[in-house]
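Residues: numbered from 1 along the sequence shown. None of the values given here were measured: they were computed from a predicted structure.
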Amino acid sequence: MTDWIQRWKDNKIGWHRDDPNSKLIEFVSCLQLNTGDTVFVPLCGKSKDMIYLAQQGYKVIGVELSALAAEQFFTDNKIAYQVSQEEDFKIYASENITIYSGDFFKLTRQHLVIVEAVYDRAALIALPAGLRVKYAQHLYSIIVKGCRILLLTLNYPQSKISGPPYAVNKDEVASLYNDGFECQLLQCFNDIKNEPKFQRENVDFIEKATYCLRKY
Ligand SMILES: C[S@@+](CC[C@H](N)C(=O)[O-])C[C@H]1O[C@@H](n2cnc3c(N)ncnc32)[C@H](O)[C@@H]1O
């Protein structure tokens, strides 16, 4: 099991990018958001995607196990924030972005009543198989009907490299989000030419897929 808290302490955060994700920019419209709507970012790290979403006029709620990540998010981006404590979470809040520091699985429907959409980049695929089932079930239980999810996944031969990120193929996404969701595959392509780490391990494909889901 990945020790995420330790990875943040050791600054081993190879997934972090300094620019917003190009697939978020390309497909954010599928979330059908209006100015002032709120987007939930599970397992958010200190993702710049939260800055991008706030710049588009949306409010953001993230959840992140590591308090260090939450602190770094606000200090790196020079955003003033306040800290408060509730039972299971330390809450870092600025005007438009709130990060619940604690365990995603302790988040309840009450935390997300105002959430219109979810953005999942490197959250589902950060978790091993058993936990992915629990993650999809918990996500279903805490979001409201009509909520849309923009989901980015990777698929590659898992036998060649161990995760995270874990390989999650189309069949698994269909099975995880089978009950209670409409699921649309927006894009899927092999991006091995841009993945030297995977090439070094003789992996011959890494499929990057983008889905839009809607809870009904
Ligand atoms: C691969 S990183 C992705 C971070 C972010 N989504 C991004 O794109 O930069 C996964 C993050 O999930 C956090 N995490 C793992 N398990 C968690 C849990 N149960 N609850 C909240 N955060 C968790 C880790 O600390 C880590 O920052």
May I have the step-by-step check of side-chain contact (heavy atoms from CB on, under 4.5 Å) for Val118 and Leu112, ending in yes or no?
CA-CA 10 Å; Val118 178; Leu112 303 185; over 6 Å; no
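- Taking CD1 from Ile61 and CG from Asn96, the interatomic distance works out to 11.5 Å, rounded to the nearest 0.5 Å.
- With Lys215 contributing its side chain and Tyr140 its backbone, the two residues share a donor-acceptor pair below 3.5 Å.
- Atoms OH and OG1, on Tyr211 and Thr153 in that order, are 4.5 Å from each other to the nearest 0.5 Å.
- A single hydrophobic cluster is seen to contain both Met50 and Tyr119, as judged by linkage of ILVMFWY side chains at heavy-atom distances under 4.5 Å, directly or through other members.
- In summary, the side chains of Gln158 and Tyr156 do present a donor paired with an acceptor at a separation below 3.5 Å, with no hydrogens or angles considered.
- In this structure, SG in Cys183 is found 13.0 Å from CZ in Arg214, a value given to the nearest 0.5 Å.
- Among all heavy-atom pairs drawn from Leu152 and Lys23, the shortest one is CD2-CB, 3.9 Å.
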Steps toward side-chain contact (heavy atoms from CB on, under 4.5 Å) verdict (Phe205, Phe198)
CA-CA 8 Å; Phe205 73 90; Phe198 286 76; over 6 Å; no
As a quick check of understanding, evaluate side-chain contact (heavy atoms from CB on, under 4.5 Å) for Glu26 and Gln187, giving each step before the final call.
CA-CA 11 Å; Glu26 191 174 348; Gln187 189 183 66; 3.5 Å; yes
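- Val115 and Ile142 fall within a single hydrophobic cluster, where Ile, Leu, Val, Met, Phe, Trp and Tyr side chains are chained together by heavy-atom contacts under 4.5 Å.
- Atom CD of Gln82 has 12 or fewer heavy atoms from other residues, nucleotides or ligands within 6.0 Å.
- Within the structure, ring pair (Phe, Tyr, Trp, His ring centres under 6.0 Å) contacts touching residues 57-95 (residues at least two apart or in different chains) are Phe74-Tyr81, Tyr81-Tyr92, Phe89-Tyr100, Phe89-His111.
- Screening Asn21, Asp76, Asn77 for a side chain to side chain donor-acceptor pair (under 3.5 Å) involving Lys48 leaves a single residue, Asn77.
- For Glu95, the CD atom sits in a loose shell: 12 or fewer heavy atoms of surrounding residues, nucleotides or ligands are nearer than 6.0 Å.
- Applying the salt bridge (charged side-chain N to carboxylate O under 4.0 Å, His left out) test to residues at least two apart or on different chains, none of the pairs has a partner in residues 54-71.
- Within 6.0 Å of the NZ atom in Lys193, the count of heavy atoms belonging to other residues, nucleotides or ligands exceeds 12.
- To the nearest 0.5 Å, the span separating NZ on Lys208 from SG on Cys188 amounts to 11.5 Å.
- One finds the CG atom of Leu213 at 5.0 Å from the CD1 atom of Ile149 (value rounded to the nearest 0.5 Å).
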Which is it for Val41 and Asp49 under the side-chain contact (heavy atoms from CB on, under 4.5 Å) test, yes or no, and what are the steps along the way?
CA-CA 9 Å; Val41 183; Asp49 297 340; over 6 Å; no
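- Note on residues 14-35: pairs passing ring pair (Phe, Tyr, Trp, His ring centres under 6.0 Å), not counting sequence neighbours, are Trp4-Trp15, Trp8-Trp15.
- Here the closest non-hydrogen pair linking Leu65 and Ser101 is O-OG, 3.8 Å.
- Here side-chain hydrogen bond (donor to acceptor under 3.5 Å, both in side chains) pairs that include residues 160-177, with residues two or more places apart or in two chains, are Arg132-Glu172.
- Side-chain atoms of Gln56 come within 3.5 Å of backbone atoms of Tyr52 as a donor-acceptor pair (strictly under, hydrogens ignored).
- For residues 2-20, no pair satisfies salt bridge (charged side-chain N to carboxylate O under 4.0 Å, His left out), with sequence neighbours left out.
- Between Ser94 and Ala80, the shortest heavy-atom distance links the atoms CB-O, 3.3 Å.
- The nearest pair of heavy atoms linking Phe40 to Gly62 is CE1-C, 4.4 Å.
- Counting heavy atoms from C-beta on, the side chains of Val133 and Leu176 come closer than 4.5 Å.
- For residues 105-124, no pair satisfies salt bridge (charged side-chain N to carboxylate O under 4.0 Å, His left out), with sequence neighbours left out.
- Between the side chain of Asp37 and the backbone N or O of Asn34, at least one donor-acceptor pair lies under 3.5 Å.
- The hydrophobic cluster containing Leu186 also contains Leu33, counting ILVMFWY residues as joined when their side-chain heavy atoms lie under 4.5 angstrom apart, directly or transitively.
- Taking all atoms of both residues into account, the shortest heavy-atom contact from Lys46 to Ala69 is CB-O, 3.6 Å.
- Counting only heavy atoms from C-beta outward, the side chains of Asp204 and Ile192 never approach each other to under 4.5 Å.
- Ile125 and Tyr135 fall within a single hydrophobic cluster, where Ile, Leu, Val, Met, Phe, Trp and Tyr are joined by side-chain heavy atoms under 4.5 Å apart, directly or via other members.
- Leu53 is listed as a side-chain neighbour of Val28, based on a closest heavy-atom distance under 4.5 Å.
- Note that the CG atom of Leu124 and the CG atom of Leu139 stand 9.0 Å from one another [nearest 0.5 Å].
- For the pair Ser66 and Ile5, the tightest heavy-atom approach, listed with the atom from each and the gap, is CA-CD1, 3.9 Å.
- Asn190 places a side-chain N or O within donor-acceptor distance of the main-chain N or O of Ile206, the cut-off being under 3.5 Å.
- Under the 4.5 Å side-chain heavy-atom criterion for Ile, Leu, Val, Met, Phe, Trp and Tyr, Leu185 and Leu24 are members of distinct hydrophobic clusters.
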